[in-house]
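Inspection log for the structure reproduced underneath, given as structure tokens.
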Amino acid sequence: MWKFLQRLASPKHFYTISQRLTPWFGWTCLIFMVMGLYYGLFVAPADYQQGEAYRIIFIHVPAAWMSMFIYMVMAVSGMIGLIWRMKIAEAFAASSAPIGASFTFLALVTGSLWGKPMWGAWWVWDARLTSELILLFLYLGVIALNAAIEDKRIAARASGILALVGVVNIPIIHYSVVWWNTLHQGATITKLDKPSIHIDMLIPLLLMAVAFKLFYVTVVLIRARCEVLEREKNLAWVQELGQTVLTKK
Amino acid sequence: MSSNFSPVYTLLKRDLTLAYRHRSELANPLLFFVIVVSLFPLGISPESKVLQQIAPGIIWVAALLAAMLSLDNLFRSDFEDGSLEQIALTAHSLSLLVLVKVFAHWLLTGLPLLVIAPLLGVLVALPTDAMWTLMATLALGTPVLSLIGAIGVALIVGLRRGGVLLSLLVLPLYIPVLIFGANAVATASSGLPVIGQLYFLAALLSLSLTLSPFATAAALRISLS
């Protein structure tokens, strides 16, 4: 097991192994997504209060979960990169940031689309919305820092520190925003009492959550491979790889 | 203790002397603070009722921006003339020296904000009862701004154009300070107790005081590598 992990940590082996794994993750993701969407859009019953419009949660909620999950992945791999100088971890952190930002953006957009018919406004300074927006800013900061530093290895360590600082701050920001909001306005919209969800709505939700996770794994593997190639472009194994691709053509 | 005291004293004295030699630059963040605050009545309404309601937010947002803009000087000149590398190479803990530099920086930029804030409070029709709260929140909050900002500056000190990037990195992390600071002042102007918010600010201060120097030192070592 340990040997396998060590081999995986070398960029060259990571490249070949991940290349073999990516289609598996991709196809499973597609299966789950089709099942989840079908179940969510056709099988699940309409909500007795919100009608059909609630169905956006099958995108919205998994996206919001992913936005937080990916930040954690990014911070942990940033930390591994900082401590053990593992190149793969650095590549993972760098390639996770844009995906996480996209999921955060998706969660915000779908939330706003849902909010218009439900709350009558595209945007409400609700505590959850606000913390999600701030999470997007934190992602954009990491991406901008990554882009601003030319040396990729230094960029990875710098944004690793930023991601860790962000992780310490996220709970503080979240709870201060919750506190701020509950103080400003009463419990009108903030406490949308979570109704115990119907099993026919829960199943597609979980299917979509699994699909989104698999989607992330697929995309992050592809992006990390690209990142590894860029970082190691002057090394022999990448050059050889380029040669074999060229001769195949 | 004695072995740690002398570098602390030396560095503090050096930073303060350096700042004293460039006296004119010291006033800039302060002027920025004053100008930004005075823009709001022009942009919104000169009516004291309206101003009074948004005064805490105005002053705190302006303080946030002033603190952030002044941060650029924290390590920049030391980085450019190489003395930052020498500081990092000394046998003393870099975290401690960073803390000293941040403290010197706060004395030069944060403390003046604190002194001038009541004057601005008058400009935006803040009730006199809230003045002491304003001072207290700024006294607890501006060091947090300097400490958190130091991490951001340390990350980008090696970059040519860091100014806008700094705001992207640092401003989201400033939000809790803004919330508690402005809220305490607003609560005080309606005559309610504010001790809870002050405790929160003090907690943020102790948290950033203990954690930020390590993160800043680590970031500086990356920027110097």
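The sequence lines fix the lettering, A, B, ..., with proteins before strands; numbering per chain opens at 1.
Between the CG atom of Leu159(B) and the CD atom of Glu150(A) there is a distance of 9.5 Å, given to the nearest 0.5 Å. Here the CG-OG distance, from Leu204(B) to Ser176(A), works out to 7.5 Å after rounding to the nearest 0.5 Å.
The number of heavy atoms from other shown groups lying within 6.0 Å of OH (Tyr216(A)) is above 12. In this structure, Trp123(A) places its CH2 atom where more than 12 heavy-atom neighbours from other residues, nucleotides or ligands lie under 6.0 Å away. Surrounding CZ of Phe105(A) are at most 12 heavy atoms belonging to other residues, nucleotides or ligands under 6.0 Å away. The number of heavy atoms from other shown groups lying within 6.0 Å of CH2 (Trp122(A)) is above 12. The environment of CD in Gln239(A) is crowded: more than 12 heavy-atom neighbours from other residues, nucleotides or ligands sit within 6.0 Å.
Contacts of Ile149(A) with chain B are made by both backbone and side-chain atoms, with heavy-atom separations under 4.5 Å. Proximity to chain B is limited to the side chain of Ile161(A), based on heavy atoms less than 4.5 angstrom apart.
Interface residues of residues 207-225 of chain B toward chain A, defined by a heavy-atom distance below 4.5 Å and sorted by number: Leu207(B), Leu211(B), Ala215(B), Ala218(B), Ala219(B), Ile222(B), Ser225(B). Contacts of residues 50-59 of chain B with chain A at a heavy-atom distance below 4.5 Å are absent; not one residue qualifies. Within residues 135-148 of chain A, the residues having any heavy atom closer than 4.5 Å to a heavy atom of chain B are Phe137(A), Leu138(A), Leu140(A), Gly141(A), Ala144(A), Leu145(A), Ala148(A), listed by residue number. Within residues 169-181 of chain B, the residues having any heavy atom closer than 4.5 Å to a heavy atom of chain A are Leu169(B), Pro172(B), Leu173(B), Ile175(B), Pro176(B), Ile179(B), Phe180(B), listed by residue number.
Put simply, of Asp151(A), Ile170(A), Leu162(A), the one with the most heavy-atom pairs under 4.5 Å next to chain B is Leu162(A).
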